[in-house]
Structure formats: C-alpha cells, structure tokens
K.L.:
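Take this structure, written in structure tokens, and hold onto it; I'll ask about it next.
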Amino acid sequence: MSDNAPPRDEPSALNASDEPLFRALLVPYRSLGRRGFSILMLGFGAVSLISGIAFLMRGAWPVFGFFGLDVLLVWLAFRASYRSARAREEVAVSRTDLSIRKISARGVVREAHYNPFWTRFLVRRHDEYGITHMAVRGEGRSTEIGAFLNPEDRESFAGEFNRALHTAKRG
C-alpha cells in the first residue's frame, strides 16, 4: 500500500459534479449594531427622562409615565427587529443539485432541492426599485429566495446566482 492512497474506511472524495459551483449565505441587513442601539436607547431614554421630569415639575405627573412607555415600546420594536435578523438562507448550486435551506428566526429549517437542469430562476423587476422578487421554479414547485435582502444585495446575488445556474446547466 502506498503512502498516497487514502485509507479504505474513509469516504471517497466528492464527485466533481457534486462540488458546489456557488454558495451563498443570505442574512437580513441591520444598519444599527449593538453599540449603536445602546447609544440610541441611552440618548432616547435621557431625552424622555428629562422631558418627563419637566412635565412632572409642572404638575402633569401622568405624562411622566407616557415618556417611559415610549422608551419601552421603542426597545420592544428593536428587540423584535433583531430577533427577526436571525433568519438565514443558505443557497448552493452544484452540477447535480440546487439546494435552498431556509432557517427562520425561530430556528425552523425548511429545505428545497432542485435539479439545476430543470430549474428556472425568476426575477421580477420594478423600474424604480430594481429587483422586487426572486424565486426558483422547477419540478412543479417554486421557492422564493432573499425576500429580506435590500435592492443592491438582490442585484448582486441575482447576477452571481444566475451565472452559477447557467454554468451548472452547461455541464
């Protein structure tokens, strides 16, 4: 047995047709990071506290509570936004398989597999906004891709994905 031969109990290397031509991890964009969120909430809380104290000093004590309620509602809205940002989509194209794996913000996983030769990539465009919808259709079903992406990311993804799909179809 030569030193270059793989051991027999290891699985053989992937077939060349199974190697991914394209892989993408799609995640929702959030413009405000954790540090920015902390600074925003501290500033908003300080303004609300100062305004509430001003109303309290003038005898309008019920208004003070509403300023605190505003801060709570903004915090809850951001918390929901950050929770929804945990959603992911993993897209991979090889010569024999197109795989779309969607992971919801709650961790629910849905997978769709297509044969690239029988798949069409559908893109809807708006003159003003660019790409508004992307989906893969084939084998009697359809799967939407990148619904949470911003227009620039949709354009970039669509170009690369379409090239990879054409490469897979060429064999």
Side-chain angles (χ1 to χ4, degrees), residues 20-94 97-114 119-165:
L21 302 169
F22 174 81
R23 280 182 182 233
L25 175 63
L26 307 178
V27 294
Y29 176 72
R30 294 297 184 257
S31 60
L32 189 63
R34 294 228 182 257
R35 183 172 183 222
F37 171 70
S38 298
I39 292 168
L40 176 75
M41 288 307 296
L42 282 172
F44 186 58
V47 168
S48 290
L49 181 65
I50 291 168
S51 300
I53 290 173
F55 277 95
L56 188 64
M57 291 173 62
R58 293 183 180 227
W61 60 267
V63 176
F64 183 77
F66 285 106
F67 279 107
L69 183 62
D70 286 351
V71 173
L72 176 65
L73 291 175
V74 168
W75 182 80
L76 288 172
F78 272 103
R79 184 174 170 200
S81 175
Y82 285 125
R83 186 177 302 125
S84 71
R86 290 187 285 192
R88 305 268 186 271
E89 292 181 10
E90 299 168 0
V91 180
V93 178
S94 72
D97 186 44
L98 187 157
S99 168
I100 302 168
R101 186 171 190 243
K102 294 184 172 204
I103 305 162
S104 75
R106 292 183 175 164
V108 177
V109 178
R110 290 184 337 196
E111 286 192 51
H113 292 272
Y114 294 88
T119 303
R120 290 181 41 201
F121 180 47
L122 306 173
V123 175
R124 270 192 247 143
R125 291 184 186 274
H126 186 275
D127 293 336
E128 195 173 323
Y129 304 114
I131 296 176
T132 58
H133 179 81
M134 298 182 296
V136 171
R137 181 171 292 157
E139 304 168 11
R141 56 198 165 96
S142 179
T143 304
E144 186 177 9
I145 303 175
F148 49 72
L149 294 177
N150 63 46
E152 294 83 24
D153 289 343
R154 283 187 188 143
E155 287 288 342
S156 172
F157 172 79
E160 293 297 319
F161 180 74
N162 202 26
R163 276 190 282 285
L165 195 55

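Because the structure is a prediction, the values reported are computed rather than measured.
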K.L.:
Under 3.5 Å, which donor-acceptor pairs do the side chains of residues 56-76 form with other protein atoms, sequence neighbours left out?
P.N.:
none

K.L.:
Find the distance between CG (Leu25) and CZ (Arg101) and round it off to the nearest 0.5 Å.
P.N.:
10.5 Å
K.L.:
Quick check: do Arg141 and Tyr114 have side-chain heavy atoms less than 4.5 Å from each other?
P.N.:
yes
K.L.:
To check you understand the geometry: which heavy-atom pair defines the closest contact between Gly130 and Glu155, and what is its length?
P.N.:
CA-OE2, 4.1 Å
K.L.:
Measure from the side-chain N and O atoms of Ser48 to the backbone N and O of Phe44, and report whether any donor-acceptor pair falls under 3.5 Å.
P.N.:
yes
K.L.:
Backbone N or O of Ala77 within a donor-acceptor pair of the Ser81 side chain at under 3.5 Å?
P.N.:
no
K.L.:
Are any of the side-chain heavy atoms of Arg125 and Arg154 separated by less than 4.5 Å?
P.N.:
no
K.L.:
Supply the atom-to-atom distance Leu122 CG to Ile145 CD1, rounded to the nearest 0.5 angstrom.
P.N.:
9.5 Å
K.L.:
Minimum heavy-atom separation for Pro20 and Ser94, please, with both atom names.
P.N.:
CA-CB, 4.2 Å
K.L.:
Heavy atoms only: give me the nearest Ile131-Ala158 pair and the separation to one decimal.
P.N.:
CD1-CB, 3.6 Å
K.L.:
Drop me the distance from Met134's CE to Leu26's CG, to the nearest 0.5 angstrom.
P.N.:
7.0 Å
K.L.:
Which pair of non-hydrogen atoms, one from Ser84 and one from Pro28, has the smallest distance, and what is that distance?
P.N.:
O-CG, 4.0 Å
K.L.:
Just verifying a value: how many Å separate Ile100 CD1 and Thr143 OG1, rounded to the nearest 0.5 Å?
P.N.:
5.0 Å
K.L.:
Give every residue pair that meets the salt bridge (Lys or Arg N to Asp or Glu O under 4.0 Å) criterion with at least one member in residues 74-89, sequence neighbours excluded.
P.N.:
Glu89-Lys102
K.L.:
Counting C-beta onward and ignoring hydrogens, is there a side-chain heavy-atom pair between Leu32 and Phe78 closer than 4.5 Å?
P.N.:
yes
K.L.:
Can you name the closest pair of heavy atoms from Asn162 and Phe121 and give their distance?
P.N.:
OD1-CD2, 4.0 Å
K.L.:
Which value, rounded to the nearest 0.5 Å, describes the distance between Leu42 atom CG and Phe37 atom CZ?
P.N.:
9.5 Å
K.L.:
First locate atom CG of Leu149, then atom CZ of Phe157, and finally report the distance between them rounded to the nearest 0.5 Å.
P.N.:
7.5 Å
